[in-house]
Amino acid sequence: MTGSFTYQFDTPVYKGTTTIRTGHFINGVWIQAMDPKAVIPVVNPTTGETITNVAAGATEDVHTAVLHAIEAYKRVWGLNSPGTARSLLLNVLADLVEEHADELAAIEALNVGKPFHQARNMDVKTTIELFRYYAGWADKVEGKSYETDEKKLAYTRKEPFGVVGLIVPWNFPLLIAASKLAPALASGNSVVLKPSEVTPLSTLKLCEYISAAGFPDGVVNVINGYGDPVGVAIARHANIGKVSFTGSTRVGHQIMRASSETNLRPVTLELGGKSPTIVFDDADLKQAVKWAAQGLFYNSGQACIAGSRIYVHAGIYQDFLDSFTETVLNLEKLIGNPFAENTQQGPLVSAVHFNRVMDYIKSGEAEGATIHTGGTRRGTEGYFITPTIFTGVTASMKIMREEIFGPVGAIMMFTTESEVVEAANMTEYGLAANVFSQNVDRALRVAHRLESGSIWVNSAGDTEIAVPFGGYKQSGIGREMGQHAIDAYTRTKAVHVNIGHEL
Ligand code: NAD
């Protein structure tokens with residue numbers, strides 16, 4: 001391994017060259033894997049070709065990173081860095097990301113297969129906003145003082161944990177890394193972060209900007225690697241005071257178990273979903289169709305909040321289905337290379353994931369559902385699947401119960417409000433739900449009865465940085481975004497001061 005690779009983009013939407021380091025970023029220095037043969041191939045999902053290899057970390061890399069993170073925390077960070085200084089650094093980082101926004105979007109399009117414009121206007125744009133937003137919080141992390149009596153003062157402080165572990169999935173690599181890094185750093189923690197082994201490139205590039213922004217060495221450490229051993233080592237490390245994990249519910253259980261078996265560190269878990277979209281007969285049909293399609297197929301359906309169970313009132317079922325089908329067939333024409341001007345849907349992220357999604361499609365057919373549209377591979381190169389809609393489904397089918405995480409959804413008919421609320425809630429997940437109705441009483445009544453951490457009324461998935469995000473049930477524990485993330489990365493200390501009580 002040479003330690004870096006250079007990639008030349010010569011595409012209709014972006015021309016330029018990027019060089020990315022492929023080691024671990026520990027204490028401000030790039031470290032190669034201890035065993036030079038321990039590498040992870042990083043694949044371009046549009047072609048199936050290997051882009052480069054990155055170092056595959058080991059448990060010892062996590063130990064080394066944690067030691068440096070502790071040292072940095074004690075010496076120059078945490079309680080020794082004023083919020084104003086941390087704010088300034090986060091703002092400089094936001095500026096650097098903005099300066100290199102197109103390059104980062106191109107890296108994301110290359111590695112994840114996202115359409116370049118979507119990566120630029122969503123992932124990178126939100127990343128910049130996140131660093132700026134939490135730069136604003138860094139000097140506003142406040143405790144409270146309490147009325148006791150005149151001879152006593154009691155107050156609280158919001159203190160960082162010290163070292164926090166951040167574990168990131170592959171679907172929004174840069175954005176999710178930023179959504180954890182920004183509040184963790186704003187509140188004064190040092191971090192050890194593991195990107196997904198499938199999509200590490202944008203995070204590795206970000207490390208250069210973190211360094212250039214002037215963050216002290218050791219405050220941010222990034223280890224490449226597989227879930228086992230690197231994620232496991234983070235989840236179990238005795239000196240990591242908090243873990244924030246985004247990924248599957250299956251691994252979420254393991255992260256929580258690791259905490260209970262080791263130091264009982266608090267965990268934030270942002271997990272899977274199987275979100276319902278409910279369309280009542282008084283909805284604005286045109287808008288409902290557009291939002292429901294976007295809510296299901298955005299990012300090739302590889303979104304935790306994807307509205308993959310669409311319930312439509314019998315009175316408009318056929319009209320909705322016709323219009324939705326037309327929208328899906330139009331989207332199908334816009335599948336293609338992420339770097340083409342008009343592309344709206346790229347490939348799935350990997351061969352493994354492509355096969356998993358195709359297996360779900362087969363299972364839907366085998367269980368008797370009807371493929372209304374899609375359900376096929378597109379082309380012979382890369383991992384493209386046509387947007388797929390099932391009809392004729394029942395609640396017990398696997399495709400209605402499990403998270404597919406691809407461009408696959410089902411449409412079902414309902415007749416009464418209570419029936420659809422019950423069906424929507426009949427899932428182990430509770431991340432998000434979308435309700436379409438022009439009747440505000442009904443829309444809000446249903447919104448309040450759905451068991452989900454986020455509800456969208458007459459839209460789908462347009463998250464806001466300032467608004468808490470997280471799951472009910474097995475979709476997660478804790479909240480990210482807004483002030484909630486500052487709370488999640490701090491612990492409360494109560495200080496009691498005697499100013500005159502004598503014993
Ligand atoms: P995943 O759970 O397989 O992996 C997530 C991360 O955990 C990766 O970095 C992986 O290497 C690491 N990991 C794997 N095994 C581990 C272990 N035993 N200990 C510690 N770390 C381990 O998820 P994925 O396939 O990368 O991402 C898709 C999943 O993420 C979907 O279920 C999706 O719904 C979920 N997700 C949730 C949100 C949310 O905010 N709720 C957002 C995006 C994705």
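Heavy atoms only: backbone and side chains are in, while hydrogens, waters and symmetry mates are out. Whatever order the structure lists ligands and atoms in, that order sets their numbers, starting from 1.
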Q: Tell me which protein heavy atom sits closest to atom 17 (C) of ligand 1, plus the residue, atom name and distance to 0.1 Å.
A: Val251 CG1, 3.6 Å

Q.
Whether Lys205 and Glu208 form a salt bridge (side-chain N of Lys/Arg under 4.0 Å from carboxylate O of Asp/Glu) is what I want to check.
A. yes

(Q) Among all protein heavy atoms in this structure, tell me which lies nearest to atom 14 (C) of ligand 1, with the distance rounded to 0.1 Å. (A) Gly227 CA, 3.5 Å

Q: Using a strict 4.0 Å threshold on nitrogen-to-oxygen distance, state whether Glu270 and Lys180 make a salt bridge.
A: no

Q: Among all protein heavy atoms, pick the one closest to atom 21 (N) of ligand 1 and tell me residue, atom and distance.
A: Gly231 CA, 3.4 Å

Q) Cation over ring, Lys114 on Phe172, under 6.0 Å and within 45°? A) yes

Q. Would Arg120 and Glu108 pass as an ion pair if we require N to O under 4.0 Å?
A. no

Q: Around atom 18 (N) of ligand 1, find the nearest protein heavy atom and jot down its residue, atom name and distance.
A: Gln254 OE1, 2.7 Å

Q) Which ligand 1 atoms does Gly272 reach within 4.0 Å, using its non-hydrogen atoms? A) 32 (O), 34 (O)

Q: Evaluate ring pair (Phe, Tyr, Trp, His ring centres under 6.0 Å) for Tyr209 paired with His100, printing each intermediate quantity in order.
A: CA-CA 9 Å; Tyr209 306 136; His100 297 91; 4.5 Å; yes

Q. Can you list the atoms of ligand 1 that are under 4.0 Å from a heavy atom of Thr246?
A. 5 (C), 36 (N), 37 (C), 38 (C), 39 (C), 40 (O), 42 (C), 43 (C), 44 (C)

Q. Any N or O on Val168 sitting closer than 3.5 Å to an N or O of ligand 1?
A. yes

(Q) Out of all atoms in ligand 1, which are within 4.0 Å of some heavy atom of Glu197? Include the element for each. (A) 10 (C), 11 (O)

Q) Which atoms form the tightest heavy-atom contact between Ser179 and Met481, and what is the distance? A) CB-CE, 3.8 Å

Q | Polar proximity ligand 1 side, Trp170 side, N/O cut 3.5 Å exclusive | A | yes

Q.
Is Ser196 close enough to touch ligand 1? Criterion: a residue heavy atom under 4.0 Å from a ligand atom.
A. yes

Q) Quick one: nearest non-hydrogen protein atom to atom 41 (N) of ligand 1, plus distance? A) Leu271 O, 2.7 Å

Q | Heavy-atom nearest neighbour in the protein, as seen from atom 34 (O) of ligand 1, with distance rounded to 0.1 Å | A | Glu403 OE2, 2.5 Å

Q) Between Phe25 and Trp30, is the ring centre distance below 6.0 Å? A) yes

Q.
Whether Glu261 and Arg257 form a salt bridge (side-chain N of Lys/Arg under 4.0 Å from carboxylate O of Asp/Glu) is what I want to check.
A. no

**Q.** Any non-hydrogen protein atom less than 4.0 Å away from atom 7 (O) of ligand 1
**A.** yes

Q: Give the residue and atom name of whichever protein heavy atom lies nearest to atom 23 (O) of ligand 1, and the separation in Å to one decimal.
A: Ser248 N, 3.4 Å

Q: Note the single closest protein heavy atom to atom 27 (O) of ligand 1, along with its residue, its atom name and the distance in Å.
A: Pro169 CB, 3.3 Å

(Q) Side chain, backbone, both or neither: which applies to Val230 and ligand 1 if a contact is any heavy-atom pair less than 4.0 Å apart? (A) neither

Q. Do Arg479's NZ or CZ and the ring of Phe469 fall within the cation-pi criteria of under 6.0 Å and 45°?
A. no

**Q.** ligand 1 contact by Thr249, heavy-atom criterion under 4.0 angstrom
**A.** no

Q. Any heavy atom of Phe245 sitting closer than 4.0 Å to ligand 1?
A. yes

(Q) Against the six-membered ring of Tyr429, is Lys473 placed for a cation-pi contact (under 6.0 Å from the centre, within 45° of the normal)? (A) no

(Q) Show me which atoms of ligand 1 lie under 4.0 Å from any heavy atom of Leu431. (A) 41 (N)

Q: Work out which heavy atom in Ile486 is nearest to a heavy atom in Ser187; give both atom names and the distance.
A: CD1-OG, 4.1 Å

Q.
Using a 4.0 Å cut-off to any heavy atom of Lys194, which atoms of ligand 1 qualify?
A. 8 (C), 9 (O), 10 (C), 11 (O), 12 (C)

Q | Element-labelled atoms of ligand 1 that are located less than 4.0 Å from some non-hydrogen atom of Asn171 | A | 43 (C), 44 (C)

**Q.** salt_bridge(Asp359, Arg356) N-O dist < 4.0 Å
**A.** no

Q: Determine, using heavy atoms of Val232 and all atoms of ligand 1, whether some pair is separated by less than 4.0 Å.
A: yes

